[in-house]
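In this chain, residues are counted from 1 in sequence order.
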Amino acid sequence: MTEPSGLAAELEECQARQLRTLADFDNYRRRAGRELDAARSAERDRVVLAWIPVLDHLDLALEHAAADPGALVDGVRGVRQLALDALRVSGVSRLDDEAGPFNPKRHEVGAVVDASTMPEPPPAGTVVEVLRPGFAADGRLLRPATVAVSAGPQADAPQEEAPS
């Protein structure tokens, strides 16, 4: 059997270990918080640095718009490409070449189109046009593409005969 003085020493040692463990955990929590803040700041800086050229080129386009209005269109196209590049660098892909059957996981319906006027009417539920592109990152959909969907070929409705 253990002596009372031995139990007291063991209890004191356990309490000291517990205090060291609590202090270690508190230090870890503070260090992890600082590292998380630093990672957030680095990510924000990376995104901002990708978008700064877009703003620079918008400013240039606006400055030169009065001198040559035709150049404004070229400038806007260039800025659009810079914006797409900034998204791509951030791991975001644009979903604007959607085609095929409507997929509720990737699309939202913006319009239903009467396909009977088309040379080869697609089946009902087929995406015929992207109205607003969608965006995805890391396999996750950020915004679905808004699409126009075919109503399918319409059969001519039988006409009623006029009473004689």
Side-chain angles (χ1 to χ4, degrees), residues 20-159:
R20 281 193 302 272
T21 301
L22 288 172
D24 287 345
F25 180 72
D26 194 44
N27 290 336
Y28 167 76
R29 186 182 50 78
R30 280 189 274 231
R31 184 174 61 248
R34 284 190 305 269
E35 289 172 359
L36 183 60
D37 289 344
R40 281 186 188 132
S41 293
E43 183 61 19
R44 182 206 55 229
D45 294 351
R46 187 180 70 78
V47 170
V48 167
L49 287 171
W51 280 96
I52 286 175
V54 174
L55 293 172
D56 291 343
H57 283 78
L58 280 172
D59 289 339
L60 285 171
L62 290 172
E63 284 176 24
H64 293 78
D68 182 7
L72 181 63
V73 173
D74 292 335
V76 170
R77 282 189 182 115
V79 171
R80 179 184 176 275
Q81 188 56 52
L82 284 172
L84 290 172
D85 292 344
L87 288 172
R88 185 183 43 75
V89 166
S90 297
V92 176
S93 58
R94 182 179 161 117
L95 308 173
D96 59 354
D97 59 345
E98 302 284 285
F102 175 79
N103 180 346
K105 292 181 180 177
R106 296 177 58 89
H107 305 129
E108 69 181 21
V109 176
V112 178
V113 177
D114 177 11
S116 61
T117 60
M118 296 179 181
E120 294 183 32
T126 301
V127 174
V128 294
E129 182 184 359
V130 176
L131 304 173
R132 186 184 76 184
F135 291 90
D138 300 325
R140 292 178 300 110
L141 187 66
L142 300 175
R143 181 180 86 180
T146 302
V147 296
V149 179
S150 169
Q154 303 294 316
D156 290 337
Q159 295 181 354

Handout entry: Minimum heavy-atom distance Phe102-His107, with the two atoms named
Key = CE1-CB, 3.3 Å
Problem - Separation of Asp45 CG from Arg40 CZ (nearest 0.5 Å) - result: 14.0 Å
Completion exercise
Note: Arg132 and Pro144 closest approach over all heavy atoms is NH2-O, 4.0 Å
Practice task
Please report the closest heavy-atom contact between Ala50 and Ala86, naming both atoms and the distance.
Solution key: O-CB, 3.4 Å
Exercise for the section: With sequence neighbours left out, write down each residue that passes ring-ring contact (aromatic ring centres under 6.0 Å, His included) with His57, or none if nothing qualifies. Expected result: none
Practice task
Identify whether the distance between the nearest side-chain nitrogen and carboxylate oxygen of Arg29 and Asp26 falls below 4.0 Å.
Solution key: yes
Problem - Side-chain heavy-atom pair Val92, Arg94 within 4.5 angstrom cut-off - result: no
Problem - From CG (Leu84) to CZ (Phe135), nearest 0.5 Å - result: 6.5 Å
Problem - Side-chain heavy atoms of Arg106 within contact of Leu95, under 4.5 Å - result: yes
Per-pair distances, 0.1 Å, donor-acceptor, side chain in residues 73-83, under 3.5 Å, sequence neighbours excluded:
unit_1	atom_1	unit_2	atom_2	d
Gln81	NE2	Asp85	OD1	2.9

Problem - Glu43 bridged to Arg46 by N-O distance under 4.0 Å - result: yes
Exercise for the section: Would you name the heavy atoms of Lys105 and Leu141 that are closest together and state the gap between them? Expected result: O-CD2, 3.0 Å
Problem - Minimum-distance pair of heavy atoms, taken over all atoms of Pro122 and Val128 - result: CG-CG1, 3.7 Å
Exercise for the section: Could you tell me which non-hydrogen atom of Val130 sits nearest to which non-hydrogen atom of Asp96, and how far apart they are? Expected result: CG2-O, 3.6 Å
